[in-house]
Student: 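First the structure, which I've put down as structure tokens, then a few questions once you've had a look.
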Amino acid sequence: MADQDHEEQYRGFWANVGATFPDLAGARSTTQYRNDERWLVSTQLPTIAGQRILKTDLWDEAKNTHILRWTAEQGAEAVGVDISPAIVADAQRGFAQDGQRLLGVQGDVRALPFRSGSVDAVYSMGTIEHFDDTEGAVREIFRVLRPGGRAIIGVPNRRDPFLRPLLVVALYYLGLYGYGFEKSYSRPALRRMLERAGFEVVAESGILFIPGWLRMLDLACHAWLRPLAWLTGALCAPFDWLSRRFPVLRRHGYLIASVGVRPASEGDAG
């Protein structure tokens, strides 16, 4: 019964967030996020055009970087799932306004509503750390990916040089963190989690080399204190420049990513 109550609270939380959270797409720090995501996807997916790409949440399509819309512009078949009905609806409207098509459904990354082996690539950035059964979500990503397909899986960086995980924990326990429960992982821990699910990890990367407090402050100013957004934007711009000038810095961003390949045959796993 306790587990059921917890699950209902989790779903209710994200339904409310999806309906009430402000749009972050115009913030200066979101420009860096967008630049970094496009760089990550284009460098880690050998082919985008003609590929069926699944995103394990639609938050970015509704509120943030629109990365899945960008893959659709490159010729991908865009597929997405989100636990929030409002987020799914917002994402579908955004795709329609751009003249693109999204197969977006309400669902849960821990029980993906897709056939095994039915997608060519999976992009999961900042999704699986928001609940306890993270390993179950990774197994589901592995299941729906076709043999030989790639998954880019990103989570908060426990070793972020700007100490963002400590800030998140403090804000969460003060009731001030807008994204609810969140875990962080070291790079070795993320790699081992993918390998336990059956993936062969072929690359490790990251995005968002920027202090977490600055990203949060920039978003707050963009949403509620727009006259001050120029100041936070000016503070964010050098980190974007550094990330583009020195891509290695992205490995130390506050989101780390591992790229896993589902082996072409079961005998190749492990």
Side-chain angles (χ1 to χ4, degrees), residues 6 9-10 13-14 16-17 20-22 24 27-37 40 56-57 59-60 63-65 83 109 124-138 152-194 204-225 228-229 231-243 246-258:
H6 178 74
Q9 290 176 359
Y10 173 78
F13 171 83
W14 284 107
N16 180 64
V17 169
T20 61
F21 211 86
L24 310 176
R28 181 59 183 82
S29 59
T30 301
T31 298
Q32 178 176 345
Y33 203 152
R34 184 181 303 114
N35 289 340
D36 282 6
E37 285 202 303
L40 179 63
T56 57
D57 70 76
W59 176 264
D60 287 340
K63 305 286 187 180
N64 202 18
T65 62
I83 201 165
V109 66
S124 179
M125 184 59 65
T127 307
I128 62 174
E129 70 273 12
H130 288 291
F131 42 78
D132 290 330
D133 190 17
T134 301
E135 301 230 7
V138 176
I152 302 172
I153 300 178
V155 294
N157 180 8
R158 179 164 292 181
R159 297 173 182 171
D160 170 30
F162 303 110
L163 305 180
R164 180 179 176 275
L166 292 178
L167 175 62
V168 168
V169 169
L171 291 176
Y172 176 73
Y173 281 106
L174 290 172
L176 299 174
Y177 189 60
Y179 303 100
F181 175 73
E182 179 181 300
K183 296 179 287 186
S184 61
Y185 293 83
S186 67
R187 196 177 301 280
L190 177 60
R191 183 192 317 125
R192 289 193 296 269
M193 184 162 56
L194 266 66
E204 295 175 320
S205 190
I207 62 173
L208 280 175
F209 181 75
I210 185 174
W213 65 263
L214 179 55
R215 165 72 169 159
M216 293 178 194
L217 183 61
D218 184 53
L219 296 181
C221 288
H222 171 74
W224 299 296
L225 295 170
L228 295 180
L231 177 58
T232 56
L235 294 173
C236 292
F239 292 98
D240 191 11
W241 182 86
L242 284 168
S243 292
F246 305 103
V248 69
L249 290 176
R250 292 176 171 130
R251 285 181 56 88
H252 305 286
Y254 75 64
L255 288 166
I256 55 172
S258 287

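As a basis for the values below, the full set of heavy atoms in this structure was taken, side chains included, without hydrogen atoms, waters or symmetry mates.
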Student: Is a side-chain donor or acceptor of Lys183 paired with a backbone partner of Phe131 at a separation under 3.5 angstrom?
Tutor: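 The answer is yes, because a donor-acceptor pair under 3.5 Å joins these two groups.
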
Student: Apply the side chain to side chain contact (heavy atoms under 4.5 Å, CB included) test between Ile210 and each candidate in Phe162, Phe239, Tyr33; give the one that qualifies.
Tutor: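 Among Phe162, Phe239, Tyr33, the one meeting side chain to side chain contact (heavy atoms under 4.5 Å, CB included) with Ile210 is Phe239.
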
Student: To the nearest 0.5 angstrom, please state how far the CG atom of Leu217 sits from the OG1 atom of Thr232.
Tutor: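 That separation rounds to 5.5 Å.
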
Student: Under the criterion side-chain contact (heavy atoms from CB on, under 4.5 Å), I'd like the reasoning laid out for Ile153 against Thr127: C-alpha separation, chi angles, the key distance, then a yes or no.
Tutor: CA-CA 9 Å; Ile153 300 178; Thr127 307; over 6 Å; no

Student: Quick one: pull up NZ in Lys63 and CZ in Phe21 and give me the separation to the nearest 0.5 Å.
Tutor: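 With rounding to 0.5 Å, NZ (Lys63) is 8.5 Å from CZ (Phe21).
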
Student: Output yes when a side-chain donor or acceptor of Thr134 lies under 3.5 Å from a complementary backbone atom of Ile128, and no otherwise.
Tutor: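 Here the side-chain-to-backbone pair exists.
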
Student: Could you report the tightest heavy-atom contact between Leu255 and Pro156, atom names first, then the distance?
Tutor: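 Minimum heavy-atom separation between Leu255 and Pro156: CD2-N, 3.7 Å.
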
Student: With the side chain counted from C-beta on, respond yes when His130 and Tyr179 share a heavy-atom pair under 4.5 Å apart, and no when they do not.
Tutor: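 Counting from C-beta outward, His130 and Tyr179 do come under 4.5 Å.
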
Student: To the nearest 0.5 Å, how far apart are OH in Tyr185 and CZ in Arg192?
Tutor: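 Interatomic distance, Tyr185 OH to Arg192 CZ, rounded to 0.5 Å: 11.5 Å.
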
Student: How long is the straight-line distance from NE2 of His252 back to CZ of Arg187, given to the nearest 0.5 Å?
Tutor: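 Separation between the atoms: 7.5 Å.
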
Student: Shortest non-hydrogen contact from Leu214 to Leu235?
Tutor: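 The pair with the smallest heavy-atom distance is CD2-O, 3.7 Å.
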
Student: Using a strict 4.0 Å threshold on nitrogen-to-oxygen distance, state whether Arg158 and Glu129 make a salt bridge.
Tutor: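 No, this pair does not count.
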
Student: Which atom pair, heavy atoms only, marks the closest approach of Asp57 to Asp60?
Tutor: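 The answer is OD1-N, 4.0 Å.
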
Student: Nearest 0.5 Å, please: how far is CG in Leu171 from CG in Leu176?
Tutor: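 It is 6.0 Å, given to the nearest 0.5 Å.
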
Student: Please test Met193 against Leu190 for side-chain contact (heavy atoms from CB on, under 4.5 Å), starting from the C-alpha separation and ending with a verdict.
Tutor: CA-CA 5 Å; Met193 184 162 56; Leu190 177 60; 3.9 Å; yes

Student: What is the distance from atom CD1 of Ile207 to atom CD1 of Ile152, rounded to the nearest 0.5 Å?
Tutor: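 Answer for the CD1-CD1 pair, Ile207 versus Ile152, is 10.0 Å.
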
Student: Under the side-chain contact (heavy atoms from CB on, under 4.5 Å) criterion, do Asp36 and Phe209 qualify, and how do the steps go?
Tutor: CA-CA 9 Å; Asp36 282 6; Phe209 181 75; 5.8 Å; no

Student: Taking Ile256's backbone N and O only, do any of them form a donor-acceptor pair with Asn157's side chain (distance below 3.5 Å, no angle check)?
Tutor: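 Judged by distance alone, no pair lies under 3.5 Å.
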
Student: Under the side-chain contact (heavy atoms from CB on, under 4.5 Å) criterion, do Met216 and Val168 qualify, and how do the steps go?
Tutor: CA-CA 10 Å; Met216 293 178 194; Val168 168; 4.0 Å; yes

Student: Looking only at heavy atoms, which two atoms of Asp218 and Ala229 are closest? And how far apart?
Tutor: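 Heavy atoms only, the tightest pair is OD1-O, 4.2 Å.
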
Student: Grab the two heavy atoms, one from Gln32 and one from Asp240, that are nearest each other, plus how far apart they are.
Tutor: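 Closest approach of Gln32 to Asp240, heavy atoms only: OE1-N, 3.3 Å.
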
Student: If you take all heavy atoms of Pro22 and Trp224, which pair is closest and at what distance?
Tutor: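 Scanning both residues completely, I find the closest heavy atoms to be CG-CZ2, 3.8 Å.
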
Student: Under a 3.5 Å threshold, yes or no: a donor from one side chain and an acceptor from the other, between Arg159 and Ser184?
Tutor: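 Their side chains do not contain a donor-acceptor pair, so the 3.5 Å distance test is not met.
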
Student: Hydrogens and angles aside, do Ser29 and Arg215 bring a side-chain donor and acceptor to less than 3.5 Å of each other?
Tutor: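 The criterion, which ignores hydrogens and geometry beyond distance, is satisfied for Arg215 and Ser29.
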
